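Data block below; observations after.
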Amino acid sequence: MTQFVTTTEMLTLEDYTMNDFEIPQEVLIERAAIAVQEVIGAGSFNLSHILVLVGLGNNGADGIALGRLLHQQGLSVALQFVGNLNRAKASVHKQLEIAKHCGLHPSEKSDFKEATLIVDAIFGTGLNNPLPEGLQKMMKAANHIDNDVIAIDTPTGINPNTGEVMGAALKAHTTVALGYPKIGLRKNQGRKYCGDLVVKDIGVLTPDTFAFSL
Ligand SMILES: NC(=O)C1=CN([C@@H]2O[C@H](COP(=O)(O)OP(=O)(O)OC[C@H]3O[C@@H](n4cnc5c(N)ncnc54)[C@H](O)[C@@H]3O)[C@@H](O)[C@H]2O)[C@H](O)CC1
Ligand SMILES: [K+]
């Protein structure tokens, strides 16, 4: 039986892993990237040109790390930031520096139609408001293009706790849940937008005494 969690529970387990066991956040980000890389490798996706859409939080950091790994595999990868990079978390800037050292630089503007596979690394469990107008338009437009979307952790626009569409959401062919799947992926529209749900262990530790609410 798959254990689903709330975002609060996920944050508690992340903090437990990083603070009680001193496992660095970068390790979790790298393991998240490797997990998604494994799902891509095990699938039958068209990898001719991969577009990674990158947000400003840790979901974006996961996406940049994944883009670097795919680039190092020799695949054609474009990184496109969604939002003002100046407002991005330190984890995003750190992953961007590493990616640049590995020869992967962000693209200015990518044509979604040229991508054979889109990686959704815009929002994950940190989504707490309706998407900004411009992003809602982008998601709706992207949903009309016939290419596969792989969502990291949650489809952008889906409320990770309620499964509601927050203005608009990007429909995924596959969602790779990190650690535990979020309860929003099996409620309301979340089930429809997440596509095939793959749960991957990325080393998030759980106390024996932890009482799941679900
Ligand atoms: N499960 C794990 O152990 C790990 C998960 N990781 C990844 O981290 C994200 C969650 O990261 P977080 O920075 O908390 O949030 P997001 O990246 O989802 O969101 C970015 C940022 O955006 C702001 N925000 C939220 N809603 C809006 C909005 N409507 N408009 C504008 N801005 C908004 C908010 O401040 C957020 O912080 C998780 O999904 C995983 O992908 C770790 O990388 C590895 C360990
Ligand atoms: K996402």
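Everything quoted here is computed from the prediction, not taken from an experiment. We count ligands from 1, going down the list as the structure has it; atoms in each ligand are counted the same way. Heavy atoms only: backbone and side chains are in, while hydrogens, waters and symmetry mates are out.
In this structure, the protein non-hydrogen atom closest to atom 2 (C) of ligand 1 is E14 OE2, 3.1 Å. When hydrogens are left out, the protein atom nearest atom 12 (P) of ligand 1 is K89 NZ, 3.6 Å; that is the closest non-hydrogen contact. In terms of protein heavy-atom proximity, atom 15 (O) of ligand 1 is nearest to G126 CA, 3.2 Å. In this structure, atom 28 (C) of ligand 1 lies nearest to the protein heavy atom F123 CZ, 3.9 Å. Among all protein heavy atoms, the one lying closest to atom 10 (C) of ligand 1 is T125 OG1, 3.2 Å. The nearest protein atom to atom 11 (O) of ligand 1, hydrogens excluded, is given as N58 CB, 3.3 Å; this is a heavy-atom distance. Residue, atom and distance of the protein heavy atom nearest to atom 9 (C) of ligand 1 are N59 N, 3.6 Å. Of all protein heavy atoms, the one lying nearest to atom 38 (C) of ligand 1 is D153 OD2, 3.2 Å.
Looking at N58, its side chain never comes within 3.5 Å of a backbone N or O of I29 through a donor-acceptor pair. Panel note: side chain T116, backbone N46; a donor-acceptor pair is recorded below 3.5 Å. Using a distance-only test at 3.5 Å, with no hydrogens or angles considered, no donor-acceptor pair links the side chain of Q72 to the main chain of C102. At least one donor-acceptor pair closer than 3.5 Å links the side chain of D120 to the backbone N or O of T156. Without hydrogens or angle criteria, S107 side chain to Q80 main chain gives no donor-acceptor distance under 3.5 Å. With hydrogens and angles disregarded, no donor-acceptor distance shorter than 3.5 Å links the side chain of N159 to the backbone of G184.
At a heavy-atom cutoff of 4.0 Å, ligand 1 is contacted by no atom of L135, backbone or side chain. Contact annotation for Q25 and ligand 1: no heavy atom of the residue comes within less than 4.0 Å of the ligand.
The residue from I122, T175, V176, L66 that alone fulfils the side-chain contact (heavy atoms from CB on, under 4.5 Å) condition with I152 is L66. The side chain to side chain donor-acceptor pair (under 3.5 Å) test with T7 is passed by exactly one of N161, T12, N128: N161. Between R31 and the options V36, I202, V204, I23, a side-chain contact (heavy atoms from CB on, under 4.5 Å) holds for only I202.
Inclusion of N129 in the set of residues having an N or O under 3.5 Å from an N or O of ligand 1 is warranted.
Scanning A177, G124, P132 for the heavy atom closest to atom 30 (N) of ligand 1 points to P132. The option from D62, I122, L131 that lies nearest to atom 43 (O) of ligand 1, judged by heavy atoms, is D62.
To the nearest 10 degrees, the K ion (ligand 2) sees O of T154 and O of D120 at an angle of 120°. Rounding to 10°, one obtains 80° for the angle at the K ion (ligand 2) between O (I152) and OD1 (N59).
Atoms of ligand 1 found under 4.0 Å from any heavy atom of I29 (numbered from 1 in listed order, with element): 43 (O). Residue-ligand proximity, N128 to ligand 1, at heavy-atom distances under 4.0 Å covers atoms 25 (C), 26 (N), 27 (C). Proximity to V204 (heavy-atom distance under 4.0 Å) selects the following atoms of ligand 1: 3 (O). Residue contact check: L178 has heavy atoms under 4.0 Å from atoms 1 (N), 40 (C), 41 (O) of ligand 1.
The aromatic ring centres of F210 and Y16 sit 6.0 Å or more apart.
Residues D62 and D153 fail the side-chain proximity criterion, which asks for heavy atoms closer than 4.5 Å. Residues V165 and I158 form a side-chain contact, since some pair of their non-hydrogen atoms from C-beta on lies under 4.5 Å apart.
Distances shorter than 4.0 angstrom do not occur between any heavy atom of L13 and any atom of ligand 1. Residue P130 places a heavy atom less than 4.0 Å from ligand 1.
The environment of NZ in K94 is sparse: at most 12 heavy-atom neighbours from other residues, nucleotides or ligands sit within 6.0 Å.
In summary, P155 places no N/O/S atom under 3.4 Å from the K ion (ligand 2), failing the contact criterion.
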